[in-house]
K.L.:
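Could you have a look at this structure, given as structure tokens, before my questions?
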Amino acid sequence: RLDEMFPSLRAWTHPVTGSPELMPAQGGRHFGAHREGIDRPECGEGHCGVALDGPRGRSLVAVAAGTVVRVELSELGLDGRSGRYVRIEHDDGTLTAYMHMDDVANVRVGDRVAAGQYVGTLGATAVFESVPHLHFSLEVPAHPGLHGDNTDTHYVDPAPFLVRSTIAPIARPTENAERLRRHPIKPAF
């Protein structure tokens, strides 16, 4: 079992606070669903994560303790599809990513986060044909003992770990001033 090799998978906090569901009902939002232009064999027809619903602005939290290894603040993300996101390496080398965020918490690369710690808000950055959502992904290292912000990983369906996760109550961000300073509201013209 994967959670025997990677103990951080055993007791997750659901990434969407106050979520009415552990997993989305729509199959098109599941891991492995059809996505154009993505060619990762381990991701089925292309979707290398799970699209989790929630209202725009809902607080997102780390599923397990770990270290922030990447923070992307640009609206489209480096690849033009991820949007703003945070990537966390957990103590056993697994990596989780939280994408399409409207706001990113005041976390930096190298910061230690606790399970259930606020990391940002659910949003729609780089979302062009869908409702606001969290694209949540799980990666395991290709080689045991591999650590850091690397791409020598395999995507894994996070569903078995999400369905047994604990849903935290809706968290209220306490850093509004910092978030607004870094992501000012754009004019509507």
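Residues take their numbers from the sequence shown, with the count starting at 1. Since the model is a prediction, treat every value here as computed from it, not as a measurement.
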K.L.:
Looking just at side-chain N and O atoms, do E139 and S137 make a donor-acceptor pair shorter than 3.5 Å?
P.N.:
no
K.L.:
Are any of the side-chain nitrogens in D91 or R112 under 4.0 Å away from the carboxylate oxygens of its partner?
P.N.:
yes
K.L.:
I need the minimum non-hydrogen distance between V16 and I167, along with the two atoms involved.
P.N.:
O-CG2, 4.2 Å
K.L.:
Report yes or no: does D157 contribute a side-chain atom to a donor-acceptor pair with the main-chain N or O of P160 at less than 3.5 Å?
P.N.:
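A pair under 3.5 Å: no.
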K.L.:
Please determine if R81 and D79 form a salt bridge, counting it only when a charged side-chain N lies under 4.0 Å from a carboxylate O.
P.N.:
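Between D79 and R81 there is no salt bridge, as every charged N stays at least 4.0 Å from the carboxylate O atoms.
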K.L.:
Side chains of V119 and V104: closer than 4.5 Å at any heavy-atom pair?
P.N.:
no
K.L.:
Show the numbers, then the answer: is there a side chain to side chain contact (heavy atoms under 4.5 Å, CB included) between N106 and R108?
P.N.:
CA-CA 7 Å; N106 187 20; R108 304 283 184 257; 3.3 Å; yes
K.L.:
Do P141 and D152 touch side chain to side chain, with heavy atoms closer than 4.5 Å?
P.N.:
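No, every pair of side-chain atoms sits at 4.5 Å or beyond.
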K.L.:
Using a 4.5 Å cut-off on heavy atoms from C-beta on, say whether the side chain of Y85 contacts that of R70.
P.N.:
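Heavy-atom side-chain distance check passes, below 4.5 Å.
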K.L.:
Hey, does D53 have a side-chain heavy atom less than 4.5 Å from the side chain of E21?
P.N.:
yes
K.L.:
Going through the checks in order, is the side chain to side chain contact (heavy atoms under 4.5 Å, CB included) test met by M5 and T94?
P.N.:
CA-CA 10 Å; M5 286 181 60; T94 59; over 6 Å; no
K.L.:
I'd like to check V50 versus M23 (side-chain heavy atoms, cut-off strictly below 4.5 Å). Are they in contact?
P.N.:
yes
K.L.:
Hey, what do you get for CH2 (W12) to CZ (F136), rounding to the nearest 0.5 Å?
P.N.:
4.0 Å
K.L.:
Can you see which heavy atom on P24 is nearest to which on A51, and at what distance?
P.N.:
CG-O, 3.4 Å
K.L.:
Stepwise, does the side chain to side chain contact (heavy atoms under 4.5 Å, CB included) test hold for R58 with I170?
P.N.:
CA-CA 7 Å; R58 176 65 55 91; I170 297 170; 3.6 Å; yes
K.L.:
Search all heavy atoms of A168 against all heavy atoms of T13 and return the closest pair with its distance.
P.N.:
CB-CG2, 4.0 Å
K.L.:
Would you kindly say whether D92 and S8 are connected by a side-chain donor-acceptor distance under 3.5 Å?
P.N.:
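Yes, because at least one side-chain N or O of D92 sits under 3.5 Å from a partner of the opposite role on S8.
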K.L.:
Just by distance, do the side chain of S19 and the backbone of L22 share a donor-acceptor pair under 3.5 Å?
P.N.:
no
K.L.:
Are M99 and V107 connected, step by step, through hydrophobic side chains (Ile, Leu, Val, Met, Phe, Trp, Tyr) whose heavy atoms are closer than 4.5 Å?
P.N.:
no
K.L.:
About how many Å separate NE2 of H147 and CG of L95, when rounded to the nearest 0.5 Å?
P.N.:
10.0 Å
K.L.:
Below 4.5 Å, heavy atoms only, C-beta onward: do L162 and P15 meet side chain to side chain?
P.N.:
yes
K.L.:
Is a side-chain donor or acceptor of E89 paired with a backbone partner of G148 at a separation under 3.5 angstrom?
P.N.:
yes
K.L.:
Please set out all donor-acceptor pairs under 3.5 angstrom arising from side-chain atoms of residues 124-134, sequence neighbours excluded.
P.N.:
from	atom 1	to	atom 2	distance (Å)
T125	OG1	R84	N	2.9
T125	OG1	M101	O	3.0
H133	ND1	V131	O	2.8

K.L.:
Any non-hydrogen side-chain atom of V61 less than 4.5 Å from a side-chain atom of Q117?
P.N.:
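No. Closest side-chain heavy atoms not under 4.5 Å.
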K.L.:
Just to verify, what does H90 make a ring-ring contact (aromatic ring centres under 6.0 Å, His included) with, not counting sequence neighbours?
P.N.:
none
K.L.:
Pairing donors with acceptors under 3.5 angstrom, does anything connect the side chains of Y98 and T96?
P.N.:
yes
K.L.:
If I take atom CG from residue L60 and atom NE2 from residue H100, how far apart are they, to the nearest 0.5 angstrom?
P.N.:
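Those atoms lie 11.5 Å apart.
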K.L.:
Hey, is the main chain of G110 close enough, under 3.5 Å, to the side chain of T67 for a donor-acceptor pair?
P.N.:
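No, because the side chain of T67 does not come within donor-acceptor range (under 3.5 Å) of the backbone of G110.
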K.L.:
Any side-chain donor-acceptor pair under 3.5 Å between T17 and S59?
P.N.:
no
K.L.:
Answer whether the closest heavy-atom distance between the side chains of I88 and V69 falls below 4.5 Å.
P.N.:
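No - every pair of side-chain heavy atoms lies 4.5 Å or more apart.
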K.L.:
Whether the side chain of R87 engages the backbone of A97 through a donor-acceptor N/O pair (distance < 3.5 Å, no angle test) should be reported.
P.N.:
no
